[in-house]
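Worksheet: one structure, shown below.
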Amino acid sequence: MNPDILRERQNATFDIEKLTNILDGGAERTNRRREIREVLVLNDPDFDYGTPTSLPTMILKLREYGISDPVEINWYKSMYWGTGREALGLHYVMFLPTLYTQCDSEQFNKWVPLIIGTYAQTEMGHGTHLRGLETTATFDPATQEFVMHSPTVTSIKWWPGGRNPLFLPLIFLSIPLSASLFDLFLSGFALPTCSGIVIGDIGPKFGFDAVDNGYLKLEHVRIPRENMLMKYAQVKPDGSYVKPLSSKLTYGTMVFIRSLIVGNAGIVLSQCCTIAIRYSAVRHQSEIRAGEAEPQILDYQTQQHKLFPLLATAYAFLFAGQYMIDTYNRISGDINQGDLSEMPELHALSAGLKAFTTWTANTGIEVCRMSCGGHGYSRSSALPDIYVEFTPSCTYEGENTVMMLQTARFLMKSYRQVQAGQQLSGAVSYLNKVHHRVMAPQAVSSQLDLNLNTLVDLYEIRAAMLVELAAQSIQQESARGKCQEDSWNNSTIDLVRASDAHCHYMVLKMFRDKVDQIEDPGVHSVMSTLAHLYAIHGMGNFTGDFLQAGVLTGAQVPSVSKCLKGLLAEVRPSAVLLVDAFDHHDKMLNSVLGRHDGNVYEAMFEWARSSPLNRTEVHESFHKHLKPLQAKL
Ligand SMILES: CCCCCCCCCC/C=C\CCC/C=C/C(=O)SCCNC(=O)CCNC(=O)[C@H](O)C(C)(C)COP(=O)(O)OP(=O)(O)OC[C@H]1O[C@@H](n2cnc3c(N)ncnc32)[C@H](O)[C@@H]1OP(=O)(O)O
Ligand SMILES: Cc1cc2nc3c(=O)[nH]c(=O)nc-3n(C[C@H](O)[C@H](O)[C@H](O)COP(=O)(O)OP(=O)(O)OC[C@H]3O[C@@H](n4cnc5c(N)ncnc54)[C@H](O)[C@@H]3O)c2cc1C
């Protein structure tokens with residue numbers, strides 16, 4: 001083991017295993033995750049990663065082991081495929097959940113065990129604006145079929161991932177009866193027997209190469225009436241339409257996957273922090289004091305300032321992901337029982353946190369890559385591949401700006417309710433104080449109050465102020481004679497800013513609540529330090545907001561920076577131990593820089609030598625192209 005990394009692991013001030021258990025949701029979950037990793041994947045003689053049979057093997061193994069929980073599927077897949085994506089991601093996280101949540105019992109029993117599918121909602125002309133989707137599904141009572149049709153070039157289904165060229169069970173969103181409502185259809189076409197279908201691949205992408213994203217054009221293709229997913233809405237044999245309790249129930253799968261993406265952003269950021277911090281512990285470069293040995297780059301304050309706030313953010317997002325999934329499971333359980341009262345809040349929370357966490361993690365991956373210098377740009381670091389695979393999460397499953405505006409819609413509605421004298425509960429209950437003006441900033445002392453509860457209060461006041469400012473912008477636009485829609489559009493910068501601040505407050509609050517639950521003194525101490533770092537770092541990035549909210553004075557601003565530097569120094573001794581607690585297996589990370597043993601250079605040389613370009617002393621292209629050319633010169 002590299003001596004630097006060995007030294008970093010001595011004198012631990014907290015129990016790493018206990019922290020890993022907290023991240024997994026308990027010791028039993030840690031044991032189960034490791035069982036899946038060690039027994040069901042690594043020590044499985046059929047484990048054949050990287051071969052053409054990998055995908056079918058994985059599917060059959062998941063079924064053989066009876067793994068159906070989304071988190072356990074993700075544990076298995078991420079061990080099997082490492083940090084990359086694979087062609088069946090969409091099947092597990094969108095196609096199957098749609099069948100689970102939108103099929104009636106007969107359809108469920110008929111389809112779920114049997115098929116692999118994709119989710120074809122987006123069209124060439126519309127990905128965000130679902131009410132603008134153009135694909136039609138027209139019911140023909142004479143034949144008891146729906147006629148599926150792509151009326152325009154912009155209605156061609158575009159992007160469905162994992163498009164299987166031969167058999168095409170897919171979930172469709174189409175406009176069967178009226179522009180405002182659309183429903184889900186399962187359309188199983190066996191190509192090429194089924195005429196009226198034009199299918200293909202949309203071509204090379206920025207990345208996501210393991211997933212074949214396709215296109216699908218339908219020309220009056222007929223499917224049985226029974227293929228409409230009929231849990232919430234039905235078309236009867238006589239053609240009568242039974243509307244769902246809410247038209248937004250059709251959107252349920254997107255809420256589910258957005259809820260998963262929150263935790264996934266934490267996982268991906270934790271992978272990158274593991275790579276960058278372990279590498280920064282073994283990389284020596286330049287000098288701090290003339291004549292002395294080159295220091296570990298982790299001892300540079302700027303390197304700590306790049307990485308330690310991201311380390312704190314990774315923990316914050318992992319805890320937010322746990323909260324999001326628990327909230328999703330609770331509310332979707334209520335929805336299943338017909339209680340839709342909290343559906344709007346679930347939508348607003350999942351949409352906002354999906355955007356907030358993916359935007360932050362997306363930027364953070366690049367900071368981790370650049371903090372590793374040239375070796376960070378090598379594919380051997382795994383950081384370029386992680387970035388390329390993660391960055392579309394800011395676009396898919398709800399484009400982030402649009403998602404933030406959905407959260408803003410909920411915040412504005414909540415603000416209006418408070419103005420009308422209603423008492424709010426849940427995540428927006430802090431807006432009650434705005435109405436009663438108890439949001440007045442506390443007496444701000446000359447010293448920065450570092451109590452975590454106080455910091456959460458300051459973030460709450462900041463969010464409330466920005467919500468109020470956005471609402472006032474809309475009111476001012478209306479007062480200028482603008483219609484409601486234009487008043488909204490002319491305030492969308494403020495609205496996104498308010499949603500961002502609301503999510504930031506929510507994430508810090510979840511972090512603080514999780515720290516409060518930690519009983520082990522050592523783990524509590526180090527997690528409390530990270531939560532403080534997360535809060536103070538955000539205060540440094542958004543100082544203007546806190547000044548504008550009156551919860552920070554100009555005189556206190558220097559102490560924010562001073563406090564931040566102190567917290568960076570406090571984290572430094574535990575940095576490697578804190579990434580060890582993420583418990584990412586070398587085989588999954590697949591990173592020369594992030595190896596657990598820290599033996600980076602030896603592994604990098606071996607990695608380079610294994611490159612296909614180094615198979616022969618002189619590359620064949622020399623003999624094929626250059627040598628004949630030289631002979632002519
Ligand atoms: C730990 C385990 C980890 C597992 C790993 C998971 C990681 C993930 C890996 C990646 C997986 C797969 C690869 C990705 C493949 C990508 C697939 C896709 O992208 S599928 C397509 C996704 N498309 C979208 O998300 C479309 C976005 N657009 C919309 O959702 C809507 O058009 C919207 C919400 C923008 C607008 O809808 P609409 O116009 O109908 O509504 P209004 O804005 O007019 O609002 C009216 C009213 O409705 C409420 N509303 C809207 N949506 C919802 C909802 N979903 N639920 C509840 N309520 C909703 C809205 O709030 C308004 O309410 P009101 O009271 O009137 O204000
Ligand atoms: C890797 C990848 C995989 C995908 N897989 C699938 C899949 O399997 N199945 C599927 O159905 N789809 C899939 N998609 C499509 C994806 O869901 C859409 O790209 C996404 O919903 C964004 O919609 P759009 O492309 O129409 O972007 P647009 O909405 O056109 O966004 C373009 C710009 O317009 C802005 N904008 C749009 N509306 C508003 C508004 N109301 N207010 C302010 N600004 C606005 C956006 O903020 C953005 O800046 C995938 C996409 C990617 C990148």
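Indexing begins at 1, ligand by ligand and atom by atom, following the structure's order.
Proximity to F208 (heavy-atom distance under 4.0 Å) selects the following atoms of ligand 2: 1 (C). Near T122, meaning under 4.0 Å from one of its heavy atoms, ligand 2 places the atoms 10 (C), 11 (O), 12 (N), 13 (C), 15 (C), 16 (C), 17 (O). With ligand atoms numbered from 1 in the order given, ligand 1 contributes 26 (C), 27 (C), 28 (N), 29 (C), 31 (C), 32 (O) to contacts under 4.0 Å with heavy atoms of T128. Residue-ligand proximity, G161 to ligand 2, at heavy-atom distances under 4.0 Å covers atoms 7 (C), 8 (O). Of all atoms in ligand 1, listed by their number and element, those nearer than 4.0 Å to a heavy atom of V255 are 55 (N). Applying the 4.0 Å criterion to heavy atoms of M94 picks out, from ligand 1, the atoms 17 (C), 20 (S). Interface atoms of ligand 1 facing G398, defined by a heavy-atom separation under 4.0 Å, are 24 (C), 25 (O). Interface atoms of ligand 1 facing G127, defined by a heavy-atom separation under 4.0 Å, are 26 (C).
Separation of atoms CD (E123) and CG (L130) is listed at 9.5 Å; rounding is to 0.5 Å. The distance from the CZ atom of R409 to the OG atom of S414 is 12.0 Å, given to the nearest 0.5 Å.
Looking at ligand 1, you'll find an N or O of K413 within less than 3.5 Å of one of its N or O atoms. For the pair R409 and ligand 1, the shortest N or O to N or O distance falls below 3.5 Å. Inclusion of K248 in the set of residues having an N or O under 3.5 Å from an N or O of ligand 1 is warranted. Of the polar atoms of L130, at least one N or O is found under 3.5 Å from an N or O of ligand 1, judged by distance alone.
Between Y328 and F256, the ring planes lie tilted relative to each other; the angle falls in the 30° to 60° range.
Residue Q406 holds the heavy atom nearest to atom 36 (C) of ligand 1 of all those in Q121, Q406, E397. With distances taken over non-hydrogen atoms, the option nearest atom 15 (C) of ligand 1 out of I335, L90, L405 is L90. Relative to atom 44 (O) of ligand 1, the option among R131, R258, E72 with the closest non-hydrogen atom is R131.
In this structure, atom 30 (O) of ligand 2 is not in close contact with the protein, since no protein heavy atom lies within 4.0 Å of it.
Under the 6.0 Å cut-off for aromatic ring centres, H347 and F410 do not qualify, their centroids lying 6.0 Å or more apart.
For Q484, the CD atom counts as loosely surrounded, since its 6.0 Å shell holds 12 or fewer non-hydrogen atoms of other residues, nucleotides or ligands.
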